[in-house]
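Chain naming here is simple, since letters A, B, ... match the order of the sequence lines and numbering starts at 1 in each.
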Amino acid sequence: ETGVTQSPTHLIKTRGQQVTLRCSSQSGHNTVSWYQQALGQGPQFIFQYYREEENGRGNFPPRFSGLQFPNYSSELNVNALELDDSALYLCASSSGLAGATDTQYFGPGTRLTVL
Amino acid sequence: AQSVTQLGSHVSVSEGALVLLRCNYSSSVPPYLFWYVQYPNQGLQLLLKYTSAATLVKGINGFEAEFKKSETSFHLTKPSAHMSDAAEYFCAVSGTSSGSARQLTFGSGTQLTVLP
């Protein structure tokens with residue numbers, strides 16, 4: 001069984017640029033969630049995709065957007081990068097069943113640095 | 001809205017000593033609670049989860065946590081610390097965001113150091 005994978009591992013961008021991060025969900029999972037983890041903090045929920053539709057969003061501006069594909073992989077896009085966007089971006093997949101008890105399995109993350 | 005507070009951003013224990021990491025939650029509905037561990041430069045690994053089946057939950061690597069509704073707590077323990085337990089630990093509660101998504105709300109984490 002393949003776990004959650006993310007690419008790239010590290011990324012350096014400059015302020016104002018755009019970035020795309022990618023995530024492949026665990027086999028059999030149809031739900032993908034994205035989290036931002038700033039240095040020294042816990043992860044914060046950005047949004048979740050279920051069967052290619054966004055079905056929930058945290059307190060992040062519209063320049064954070066995403067996609068989910070028919071194979072349930074996902075992208076996170078961030079436009080007009082700001083210095084505060086520097087963080088570890090984590091993708092988590094889940095089976096979409098069992099509601100609140102549905103366990104989310106995390107990938108290794110993408111470290112984004114904005115200069 | 002749900003929230004989680006982890007008391008103590010840094011905890012140090014000697015190898016072989018008891019590990020106790022504290023987590024208190026706030027939730028208007030019966031909570032579902034999780035502990036995750038994060039090793040340096042890695043993602044989060046699930047240690048254990050509480051889903052109302054039993055108040056004492058056993059997880060991987062010898063960790064366990066007890067749900068205490070009266071204290072709104074879900075503290076993580078391990079009887080004997082090992083050097084490999086050194087990592088950052090996050091407590092999280094599952095709740096709803098806008099829409100129907102079940103999001104995890106995390107505490108700020110506790111860095112565990114194990115001294116030889």
Top contributor to chain B contacts, counting heavy-atom pairs under 4.5 Å, from R111(A), Q37(A), Q6(A), Q41(A):
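The answer is Q37(A).
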Between chain B and each of S33(A), G40(A), G42(A), count heavy-atom pairs under 4.5 Å; write down the option with the most.
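With the most close heavy-atom pairs to chain B, the winner is G42(A).
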Where does the angle between the aromatic ring planes of F67(B) and Y50(B) fall among parallel (under 30°), tilted (30 to 60°) and perpendicular (over 60°)?
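Ring orientation, 0 to 90° scale: parallel.
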Between Y36(B) and F106(A), how do the two ring planes meet: parallel, tilted or perpendicular, split at 30° and 60°?
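Answer is perpendicular, since the angle exceeds 60°.
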Write out, in numerical order, the residues from residues 61-73 of chain A with a heavy atom short of 4.5 Å from a heavy atom in chain B.
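The residues closer than 4.5 Å to chain B amount to none at all.
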Heavy-atom pair with the smallest gap, counting every atom of K78(B) and L18(B):
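Smallest heavy-atom distance, with atoms named: O-CD1, 3.3 Å.
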If you compare all heavy atoms of V114(A) against all heavy atoms of S86(A), which two are closest, and at what distance to 0.1 Å?
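Heavy atoms of V114(A) and S86(A) come nearest at N-OG, 2.8 Å.
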Between A92(B), G107(B), G43(B), who has the most heavy-atom pairs with chain A when the cutoff is under 4.5 Å?
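The residue among A92(B), G107(B), G43(B) with the greatest pair count is G43(B).
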Can you say whether [X] sits under 4.5 Å from chain B via the side chain, the backbone, both, or neither, judging by heavy atoms?
{"X": "Y49(A)", "result": "neither"}
{"X": "Q104(A)", "result": "both"}
{"X": "Q44(A)", "result": "neither"}

Do Y39(B) and L48(B) belong together in a cluster built from hydrophobic side chains that touch within less than 4.5 Å?
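Yes, same cluster.
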I'd like to know if L83(A) and V19(A) are part of one continuous hydrophobic network [Ile/Leu/Val/Met/Phe/Trp/Tyr, side-chain heavy atoms within less than 4.5 Å].
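Yes, V19(A) connects to L83(A) through the hydrophobic network.
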Chain A contact via L46(B) - which portion, at a heavy-atom distance below 4.5 Å
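Interface part for L46(B): side chain.
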Only pairs at least two apart or in different chains count here, so list each disulfide bond (SG atoms under 2.5 Å apart) that has a residue in residues 8-80 of chain A.
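Checked against disulfide bond (SG atoms under 2.5 Å apart) - neighbours excluded - the pairs reaching residues 8-80 of chain A are C23(A)-C91(A).
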Looking at residues at least two apart in the chain, or sitting in another chain, which of them share a salt bridge (charged side-chain N to carboxylate O under 4.0 Å, His left out) with K68(B)?
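Expected list: none.
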Which donor-acceptor pairs under 3.5 Å do the side chains of residues 108-116 of chain B make with protein atoms, sequence neighbours left out?
unit_1, atom_1, unit_2, atom_2, d
T110(B), OG1, Q6(B), NE2, 3.3
T110(B), OG1, G8(B), O, 2.8
Q111(B), NE2, A87(B), O, 3.3

